[in-house]
Amino acid sequence: RQDVLVLTPWLAPIVWEGTFSRDILNAQYLQKNLVTGVVTFAVEKYWFFIEGFMTSANKYFLAGHQVNFYLFTDNPEKICHLQMAPENHLFVIPVQNDSRWQDISTSRMDIISSYIHSQFQHEVDYLYSMDIDVQLLAHIGVEIIDALVATISSWQVAPEHESRAHETHPGSQAAIPEGHGDFHYTASFYGGSVAEVYKLTRACSEGPMEDWEDGTEARWHHESHLNKYLLQHRPTRLLSPEYYWDTEL
């Protein structure tokens, strides 16, 4: 494709539709006998989105490959029976709710890193985190598999809307000096190898805690800390905004 940027300055590929052969990648992936995990959270009113997300993810996320879905929820009793593909497995994990949505979002990083250490590292090779209030509309395949994967925010490529700026408050651990950011990444879809996701989520849980102790809070909360981490540890593969488009745009 000539109409989009397909390579970063540090030579990481940016995946757009039409820039890869899924058949070739599927064949390579199958030879490695890998298992990929997906983490998602349904707390408070978000349990309403479970059926829509799970039905579409079961159909479109790495179709034909083994996927473990880890659903964290504060209402496990509300989970109805969901018919999964033979190669997919759903694990419902109870989790406590937080009083503020900002705390719910930030605590996800701590929960994910803790479960990677205690459980996920023994069960999956790659792990991705996705927000639950979406439905997949087309296949997301093994073209997303790499060591450290980030998704470019759709706000960055919508000129009629104000882009989400990086954190500039010098007191925050998430601060990025003006002009020093690469892309703005969404915290709604990221992942990679279990080892790399562990390092990312651990750093992104420690950053907000240090901010809290200093009496500050990043503008975009855990997403700001994610962007700071990915500036210091650049992703090995980027997904285009096609992979997680904000319907507000």
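For residues 13-42, every residue pair satisfying the salt bridge (Lys or Arg N to Asp or Glu O under 4.0 Å) rule, not counting sequence neighbours, is listed here: R22-E143.
In terms of heavy atoms, I132 sits closest to F53 at O-CB, 3.4 Å. Residues A12 and R237 approach most closely at CB-N, 4.2 Å, considering heavy atoms. Between P235 and W10, the shortest heavy-atom distance links the atoms O-NE1, 2.9 Å.
One hydrophobic cluster holds both Y29 and L25 under the rule that ILVMFWY side chains link at heavy-atom gaps under 4.5 Å. With hydrophobic clusters built from ILVMFWY side chains whose heavy atoms lie under 4.5 angstrom apart, I50 does not share a cluster with V43. Placement of V149 and V194 in two distinct hydrophobic clusters is found when ILVMFWY residues are connected by side-chain heavy-atom separations under 4.5 Å, directly or transitively. I152 and V6 fall within a single hydrophobic cluster, where Ile, Leu, Val, Met, Phe, Trp and Tyr side chains are chained together by heavy-atom contacts under 4.5 Å. Y244 and V197 are members of different hydrophobic clusters when ILVMFWY side chains are connected at heavy-atom separations under 4.5 Å.
With a 6.0 Å radius and a threshold of 12 heavy atoms from other residues, nucleotides or ligands, F20 has its CZ atom above the threshold. Open room surrounds CG on N33; 12 or fewer heavy atoms of other groups in view lie less than 6.0 Å from it. Within a 6.0 Å radius of CG in L5, other residues, nucleotides and ligands contribute more than 12 heavy atoms. Counting heavy-atom neighbours within 6.0 Å of Y46 OH, excluding the residue itself, gives a total of 12 or less.
No donor-acceptor distance shorter than 3.5 angstrom exists from the side chain of S188 to the backbone of D131, with no hydrogens or angles considered. Between the N68 side chain and the G37 main chain, no donor and acceptor come within less than 3.5 Å of each other. Distance alone, capped at 3.5 Å, is enough to place a donor-acceptor pair between the S113 side chain and the D110 backbone. Checked by atom type and distance alone, the side chain of T19 never pairs as donor or acceptor with a backbone atom of V15 at under 3.5 Å. In this structure, T73 contributes its side chain and A42 its backbone to a donor-acceptor pair below 3.5 Å. For the pair T40 (side chain) and M130 (backbone), a donor-acceptor distance under 3.5 Å is present. Remark: side-chain polar atoms of Y128 are paired, donor with acceptor, to backbone N or O of I144 under 3.5 angstrom. In this structure, the side chain of T201 does not engage the main chain of I112 through any donor-acceptor pair within 3.5 Å. Between the side chain of S56 and the backbone N or O of L136 there is at least one donor-acceptor pair closer than 3.5 Å.
Between the CG atom in L82 and the CG atom in L71 there is a gap of 8.5 Å [rounded to 0.5 Å]. Here the straight-line distance linking atom CD of Q135 with atom CD of E51 works out to 9.5 Å at 0.5 Å rounding. Taking CZ of F41 as the start and OG of S107 as the end, the distance is 7.0 Å to the nearest 0.5 Å. The structure places OH of Y243 at 15.0 Å from OG of S154, a figure rounded to the nearest 0.5 Å. Between the CZ atom of F49 and the CH2 atom of W47 there is a distance of 11.0 Å, given to the nearest 0.5 Å. Note: I116 CD1 to E196 CD = 10.5 Å, rounded to the nearest 0.5 Å.
No side-chain heavy atom of H184 sits less than 4.5 Å from a side-chain heavy atom of W155. For the pair Y60/I140, no side-chain contact is recorded, criterion being any heavy-atom separation below 4.5 Å from C-beta on. You'll find the side chain of N26 reaches within 4.5 Å of the side chain of H65, heavy atoms only. Counting heavy atoms from C-beta outward, M109 and Y229 have side chains that stay 4.5 Å or more apart. Within the 4.5 Å cutoff, the side chain of V134 has no heavy atoms near those of the F189 side chain. I14 has its side chain within reach of W16: a pair of non-hydrogen atoms, C-beta onward, lies under 4.5 Å apart. Side-chain contact between R234 and T8: absent, with no pair of heavy atoms (C-beta onward) separated by less than 4.5 Å. L148 is listed as a side-chain neighbour of L200, based on a closest heavy-atom distance under 4.5 Å.
When ring centroids are compared, Y190 and Y185 stay outside the 6.0 Å threshold.
Checked for salt-bridge contact, D133 and K45 miss the test: no charged N lies under 4.0 Å from a carboxylate O.
For T236 and D146, the side-chain atoms include at least one donor-acceptor pair closer than 3.5 Å.
Shown are F91, F120, Y115; of these, the side chain to side chain contact (heavy atoms under 4.5 Å, CB included) with V39 is made only by F120.
With sequence neighbours excluded, the residues forming a salt bridge (Lys or Arg N to Asp or Glu O under 4.0 Å) with E242 are R1, listed by chain and number.
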For a side chain to side chain contact (heavy atoms under 4.5 Å, CB included) check, start with the C-alpha distance between V124 and T36, then their side-chain angles and the critical distance, and finish with the verdict. CA-CA 5 Å; V124 299; T36 298; over 6 Å; no
